[in-house]
Amino acid sequence: MNKSDSRPHSVAMLLSRAEQLAGWSLAELAQQQGLEVPRDLRRDKGWVGQLLELALGASAGSKPEQDFPELGVELKTIPVDRHGRPLETTFVCVAPLTDTAGIRWENSNVRNKLSRVLWIPVLGEREIPPGERRIGQPLLWEPTAEEEHLLRQDWEELMELISLGRVQEITARHGQVLQLRPKAANSRAQTAAIGKDGEPIQTLPRGFYLKIGFTAALLARHFML
DNA sequence: GTTTGATCATGT
DNA sequence: ACATGATCAAAC
């Protein structure tokens with residue numbers, strides 16, 4: 001199952017493949033894919049996600065939108081504890097801090113990325129070595145009307161603050177299900193944004209993240225079925 | 001620097 | 001104990 005022959009031609013095939021990975025340890029999957037297993041993830045924070053991308057045939061390191069544009073599916077691995085509860089927030093995409101005039105929820109990157117997501121839970125407790133962590137049952141998710149409403153509300157509130165030149169007042173506490181947090185190499189990184197008087201300023205790049213409660217609820221809904 | 005993949009690690 | 005703010009790596 002190398003990259004060239006593993007590219008799913010349908011959503012059903014993608015889901016089927018993801019289901020077959022449930023129960024595998026990351027060491028087993030890494031060996032099959034010819035990858036080394038890092039001792040820990042301190043310097044390999046995206047390793048799990050990249051391993052699953054390779055195994056499922058996603059377009060690696062791409063710039064564009066979803067991982068499977070032709071299928072309209074975004075792939076997300078999510079670290080969970082033994083009970084399937086998320087251990088971390090989920091990064092969605094970088095937040096636009098300038099030229100926000102024509103951006104609406106309907107054509108936003110957040111909505112596009114979250115329109116359909118293949119969630120792959122993976123044990124992520126830090127005491128468990130990466131290689132011993134197991135892959136869980138996947139979930140092909142599309143936001144319910146209620147979930148989309150919550151996402152939209154937060155997105156509009158955050159985007160309004162950004163548009164008003166108040167990005168530097170925003171903290172991770174804003175938003176019920178979607179939050180804005182730093183997304184950069186380090187705290188010295190700078191990118192263009194809008195200032196309080198509409199003037200150009202330099203600030204820390206930010207990204208949109210899903211809060212744990214939101215992903216916990218959608219995963220729980222799946223487990224209860 | 002930007003965007004992809006995220007998790008780390010300190011403050012509260 | 002847990003979330004926020006900070007950080008790591010690769011491709012471009």
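Note on naming: letters A, B, ... go to the chains in the order of the sequence lines (proteins, then strands), and numbering restarts at 1 for each one. Computed from a prediction, not measured in an experiment: that's the story for all the values here.
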When you measure only distances, ignoring hydrogens and angles, does the side chain of A:Y209 come within 3.5 Å of the base of B:dA6 through a donor and an acceptor? yes
Just to confirm, is there a sub-4.0 Å distance from OP1 or OP2 of C:dT4 to any side-chain nitrogen or oxygen of A:Q179? yes
Closest to the side chain of A:L41, out of B:dT7, B:dT4, C:dA3, is B:dT7
Indicate yes or no for a side-chain donor-acceptor contact from A:D44 to the backbone of A:L41 under 3.5 Å, with no hydrogens or angles considered. no
Side chains of A:L56 and A:L14 in contact at under 4.5 Å (non-hydrogen atoms): yes
List the atom of A:L180, the atom of A:V167, and the distance in Å for their closest heavy-atom pair. CD2-CG2, 4.4 Å
N/O (side chain, A:K113) to phosphate O (OP1/OP2, B:dG5) under 4.0 Å: yes
List, by chain and then residue number, the residues other than A:Y209 in its hydrophobic cluster (Ile/Leu/Val/Met/Phe/Trp/Tyr, side-chain heavy atoms under 4.5 Å); write none if there are no others. A:F91, A:V94
At less than 4.0 Å, is any side-chain N or O atom of A:T77 found next to OP1 or OP2 of B:dG5? Yes or no. no
Would you say B:dT2 has OP1 or OP2 under 4.0 Å from some side-chain N or O of A:T191? yes
Between B:dG5 atom P and A:F208 atom CZ, what is the distance in whole Å? 16 Å
Need one value for A:R181: base, sugar-phosphate or nothing, where a base atom within 4.0 Å counts as base even if backbone is also close, heavy atoms only. base
With a 3.5 Å cut-off and heavy atoms only, can you find an N or O donor on one side and an acceptor on the other between the side chain of A:K183 and the base of B:dT4? yes
Describe the nucleic acid contact of A:R173 in one word from base, sugar-phosphate, nothing, applying a heavy-atom distance below 4.0 Å. sugar-phosphate
Please check the phosphate of C:dT7 (OP1 and OP2 only) for any side-chain N or O of A:R188 closer than 4.0 Å. yes
List in numerical order all residues of residues 79-89 of chain A for which some heavy atom is under 4.0 Å away from an atom belonging to DNA chain B. A:P79, A:E88, A:T89
Five-pair end axes of the helix from B:dG1-C:dC12 to B:dT12-C:dA1 and the angle they enclose, rounded to 10°: 30°
So, does A:S187 get its side chain near the phosphate of C:dT7, meaning an N or O under 4.0 Å from OP1 or OP2? yes
Report which part of the nucleic acid A:G49 touches: base, sugar-phosphate, or nothing (heavy-atom distance under 4.0 Å, all strands). sugar-phosphate
Quickly work out the A:L35 CG to B:dG5 C1' distance and round it to whole Å. 14 Å
Any donor-acceptor pair under 3.5 Å joining the side chain of A:R126 to the base of B:dA9? yes
Describe the nucleic acid contact of A:Q202 in one word from base, sugar-phosphate, nothing, applying a heavy-atom distance below 4.0 Å. nothing
Strictly below 4.0 Å, N to O, side chains only: are A:R17 and A:E19 in salt-bridge contact? no
Just N and O in the side chain of A:R43: are any of them under 4.0 Å from OP1 or OP2 of C:dA9? yes
